[in-house]
Q: 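Sharing a structure, written as structure tokens. Questions coming.
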Amino acid sequence: MSFLKNLFSRKPKKYVDERGIYFHVACNRCKVVTRVRADRQYDLNRTDNGFEWRKTIVCPKCYSQMAAEVTFDGRYTPLKQEISAGAFVEPPAEND
Ligand SMILES: [Zn+2]
């Protein structure tokens with residue numbers, strides 16, 4: 001009985017993506033919002049003061065290319081976000 005109780009009370013561990021930094025970008029042409037993941041370990045380049053991330057994001061709807069460039073401090077806090085042909089937006093509510 002206690003075995004069963006343990007079995008059912010065990011909650012699945014929630015997966016936390018500790019390496020991922022997520023951005024939402026809206027395409028200037030069609031306004032579709034795309035979620036983009038930057039991996040702290042593989043996608044960021046070290047700079048003198050922290051990190052930088054450069055990525056060309058292709059809109060899944062109209063295939064417009066958006067060149068994103070984000071500068072972070074040493075604690076992965078974004079300091080500057082720039083993007084061509086698009087805009088950084090807040091993540092939609094109730095989504096992950
Ligand atoms: Zn688009």
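Numbering of ligands and ligand atoms starts at 1, following listing order.
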Q: Do V58 and S64 make a side-chain contact, defined as non-hydrogen atoms from C-beta onward lying under 4.5 Å apart?
A: no
Q: Taking salt bridge (charged side-chain N to carboxylate O under 4.0 Å, His left out) as the definition, give me every residue that meets it alongside R40, ordered by chain and number, with sequence neighbours left out.
A: none
Q: What residues, two or more places apart in sequence or in another chain, satisfy ring pair (Phe, Tyr, Trp, His ring centres under 6.0 Å) together with F72?
A: none
Q: Quick one: closest heavy-atom pair of D73 and R75, and the distance?
A: OD1-N, 2.8 Å
Q: Kindly say whether M66 contributes a backbone atom to a donor-acceptor pair with the side chain of S84 at under 3.5 angstrom?
A: no
Q: Under the salt bridge (charged side-chain N to carboxylate O under 4.0 Å, His left out) test, which residues partner R37, sequence neighbours left out?
A: D17, D39
Q: Counting only protein atoms, how many N/O/S atoms are less than 2.8 Å away from the Zn ion (ligand 1)?
A: 4
